[in-house]
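Everything below concerns the one structure shown next.
Chain naming here is simple, since letters A, B, ... match the order of the sequence lines and numbering starts at 1 in each. Being a predicted model, the structure only gives us computed values, none of them experimental. Computed over heavy atoms, backbone and side chain alike; hydrogens, waters and symmetry mates excluded.
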2 protein chains.
Amino acid sequence: MARLPIYLRALSALVEDNIGTCSSEDLATATGVNSAKLRKDLSYLGSYGTRGVGYDVDYLRYQIAREVGLTQDWPVIIVGIGNLGHALANYSGFRSRGFRVVALLDAAPEFKDTEVAGLPVRPFVELEEIVRAQSVSIGVISTPAQAAQDVADRMVGAGITSILNFAPTVLSVPEGVDVRKVDLSIELQILAYHEQRKAEVAP
Amino acid sequence: MARLPIYLRALSALVEDNIGTCSSEDLATATGVNSAKLRKDLSYLGSYGTRGVGYDVDYLRYQIAREVGLTQDWPVIIVGIGNLGHALANYSGFRSRGFRVVALLDAAPEFKDTEVAGLPVRPFVELEEIVRAQSVSIGVISTPAQAAQDVADRMVGAGITSILNFAPTVLSVPEGVDVRKVDLSIELQILAYHEQRKAEVAP
DNA sequence: CTCGTTTTGTCCTTCCGTTCACAAACTCCT
DNA sequence: AGGAGTTTGTGAACGGAAGGACAAAACGAG
Ligand SMILES: NC(=O)c1ccc[n+]([C@@H]2O[C@H](COP(=O)([O-])OP(=O)(O)OC[C@H]3O[C@@H](n4cnc5c(N)ncnc54)[C@H](O)[C@@H]3O)[C@@H](O)[C@H]2O)c1
Ligand SMILES: NC(=O)c1ccc[n+]([C@@H]2O[C@H](COP(=O)([O-])OP(=O)(O)OC[C@H]3O[C@@H](n4cnc5c(N)ncnc54)[C@H](O)[C@@H]3O)[C@@H](O)[C@H]2O)c1
């Protein structure tokens, strides 16, 4: 369920505001979903609400976190410390949401002995070693598109089983490895599509 | 249809390789979708294939580009030139895919008289002026979450009708304005969810 | 010109996610 | 204690996307 993290974020905001309990309607409007859908989503995890009252914010948050697997910190590595890799390495939001960037890797020799966001940039050849030593299972690819499949293969070879790919390529990976793709150009193109439709109807 | 840009990219790659024609099967494997689905998608645009032969790569690419609205260049502004905003401003992939970053805006006074990726960083108060002068309809938000709703409101007020939001917030916008959200933490959390499932079955 | 091969375009079935609607469960007030 | 008012959890209806399957169309060889 891809919506659980959204609920989780909304619940965290409620905790900040010292709100102890909330109805499905409240959560639904806060997250922009239908309240029936929200209740059905939550019912898959178990019966954590109280009829006539709502959900205990803290308790529900813990239950969702447990379901998503965020009761532990996940070690993450980032490969490709260019424009995007820098931004990701510096992003503090990962840390606060259950992820710990344990290593940055790049193939370019210029990076030797440099640090980004307090972490040394390590040579790409050390991938296997790092993955093994830190039991990393999640890797982020922010290299150019041509290198992405190679990097993915090496990651899989090293034991990584989940990949977040920013390069605009379709990665082919063996069964059992999950890949999620984030493609900003495609997002913009989808916006452009709708934008064009608007422009067509108007004049 | 959110898959058209994916087809577009694959077709561009085929053009690079001087491949003049291709079957739905070819395109389907290149993009990782089912060939029946792909044909159905394309049939919505019209009958651009030849039975027994396949699709003319160049022609199909143009038709999809036209449908998506990429026969023109879309001007785009980026608000919030921090870690992520820098990366976006420096990204050359937008330019080659039909988008032109026409302005960078940030509220922080430190940015006065600085340039990023060859563009001056302009004060946020100039938003309306820029949007009007350049007829911008697409805006990117890469500010902290607290500022995102404000920025979105100002954008909408200035005449922007499509927003790409990187801040982890649900934006509320009037009817007729499109918002797409990119949330990297959520992507990672979805990976963590699957990762946890794998770990549960194994031992 | 005909036949066999290839590939599109589309009908039809299946399946999954969404939404409605409502009984069951709980609280609070009198 | 009972009734009024809330809110959950879920059965059932709905809608639309996905995929299987195949007829229609194009091409080339003989
Ligand atoms: N910058 C953005 O805002 C942005 C936006 C959308 C998509 N992307 C995509 O993200 C990827 C990275 O973008 P970027 O702007 O950071 O590019 P970049 O060129 O700035 O950085 C790429 C980095 O990857 C490293 N690299 C190259 N080959 C490698 C390999 N085989 N192993 C390890 N490291 C390797 C390079 O040394 C470089 O440091 C690209 O695929 C790009 O299309 C970037
Ligand atoms: N850096 C990443 O890799 C990353 C990853 C995922 C999500 N995000 C999200 O993207 C957003 C930006 O991240 P970042 O790391 O670049 O943050 P950042 O703090 O480095 O940059 C934010 C920029 O926005 C500017 N800003 C603040 N308020 C503004 C306003 N009202 N109007 C205009 N500009 C304003 C600030 O001056 C700053 O330059 C955040 O919401 C973050 O959660 C970032």
Side-chain angles (χ1 to χ4, degrees), chain A residues 1-8 10-11 14 19-64 66-68 170 175 178-181 186 190 193-194 197, chain B residues 1-8 10-11 14 19-64 66-68 170 179-181 186 190 193-194 197:
Chain A
M1 287 299 171
R3 282 185 298 272
L4 291 181
I6 306 179
Y7 304 151
L8 202 49
L11 288 169
L14 292 177
I19 295 175
T21 185
C22 75
S23 69
S24 63
E25 206 69 50
D26 296 341
L27 243 191
T29 51
T31 53
V33 304
N34 181 294
S35 70
K37 177 157 55 165
L38 187 143
R39 285 200 299 278
K40 185 155 281 189
D41 286 347
L42 297 186
S43 76
Y44 282 109
L45 316 187
S47 242
Y48 296 134
T50 313
R51 301 182 183 208
V53 179
Y55 299 92
D56 182 282
V57 173
D58 239 349
Y59 183 58
L60 181 59
R61 186 169 72 127
Y62 173 75
Q63 293 299 338
I64 295 182
R66 195 168 56 88
E67 180 75 12
V68 177
V170 180
E175 184 109 359
D178 284 305
V179 174
R180 290 193 70 86
K181 188 171 106 179
I186 287 184
I190 293 171
Y193 171 80
H194 292 300
R197 298 236 133 176
Chain B
M1 284 295 171
R3 283 184 298 271
L4 291 182
I6 306 179
Y7 304 151
L8 202 50
L11 287 169
L14 292 177
I19 294 174
T21 186
C22 76
S23 70
S24 64
E25 205 68 50
D26 296 343
L27 244 189
T29 52
T31 53
V33 305
N34 181 292
S35 70
K37 179 159 52 166
L38 187 145
R39 285 200 298 279
K40 183 163 286 186
D41 286 346
L42 296 186
S43 76
Y44 282 108
L45 315 187
S47 243
Y48 296 133
T50 313
R51 301 184 182 206
V53 179
Y55 299 91
D56 182 281
V57 173
D58 240 349
Y59 182 59
L60 181 59
R61 186 168 72 127
Y62 173 74
Q63 292 298 340
I64 295 182
R66 196 169 57 87
E67 179 75 11
V68 176
V170 180
V179 174
R180 289 191 70 86
K181 188 171 106 177
I186 287 185
I190 294 172
Y193 172 79
H194 293 301
R197 297 236 134 175

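- For the pair A:Asp56 CG and D:dT8 P, the interatomic distance rounds to 13 Å; values are reported in whole Å.
- Side chains of A:Lys37 and A:Lys40 form no contact here, defined as non-hydrogen atoms less than 4.5 Å apart.
- Listed by first then second residue, pairs satisfying ring-ring contact (aromatic ring centres under 6.0 Å, His included) with a partner in residues 28-55 of chain B read B:Tyr48-B:Tyr59, not counting sequence neighbours.
- Comparing D:dT8, D:dG20, D:dG9 by their closest approach to the side chain of B:Ala36 singles out D:dG20.
- For the pair A:Gln63 CD and D:dG9 P, the computed distance is 12 Å after rounding to whole Å.
- With a 4.5 Å cut-off on side-chain heavy atoms, B:Ile6 and B:Val33 do not count as touching.
- Of the side-chain N and O atoms in A:Thr50, none sit less than 4.0 angstrom from OP1 or OP2 of C:dC26.
- Of the side-chain N and O atoms in B:Ser24, one or more sit less than 4.0 angstrom from OP1 or OP2 of C:dT8.
- Residue order along DNA chain D, read from the 5' end via each residue's closest nucleotide, puts A:Lys40 first among B:Asp41 and A:Lys40.
- Residues A:Val33 and A:Arg51 both approach DNA chain C. Their nearest nucleotides, taken by heavy-atom distance, put A:Val33 toward the 5′ side.
- To the nearest angstrom, P of C:dG17 lies 6 Å from CE of A:Met1.
- Within the 4.0 Å cut-off from OP1 or OP2 of D:dA17, not a single side-chain nitrogen or oxygen of B:Tyr44 is found.
- Taking 4.0 angstrom as the limit, A:Arg39 places none of its side-chain polar atoms (N or O) nearer than this to OP1 or OP2 of C:dC20.
- Annotation: side chain of B:Leu42 is in contact with side chain of B:Ile64 (closest heavy-atom distance under 4.5 Å).
- Across all strands, A:Tyr48 comes closer than 4.0 Å only to sugar-phosphate atoms, never to a base (heavy-atom distances).
- The distance between atom CG of A:Asn34 and atom P of C:dA21, rounded to the nearest whole Å, is 12 Å.
- In this structure, the CG atom of B:Leu38 is 13 Å from the C1' atom of C:dT7, given to the nearest Å.
- When rounded to the nearest whole Å, the span between CG of A:Leu27 and C1' of D:dG9 equals 16 Å.
- Residues B:Leu60 and B:Tyr7 have side chains not in contact (no heavy-atom distance under 4.5 Å, counting atoms from C-beta outward).
- Put simply, NZ on A:Lys37 is 11 Å from P on C:dG17, counting in whole angstrom units.
- The listed nucleotides are D:dT7, C:dT8, D:dC27; the one nearest the side chain of B:Tyr55 is C:dT8.
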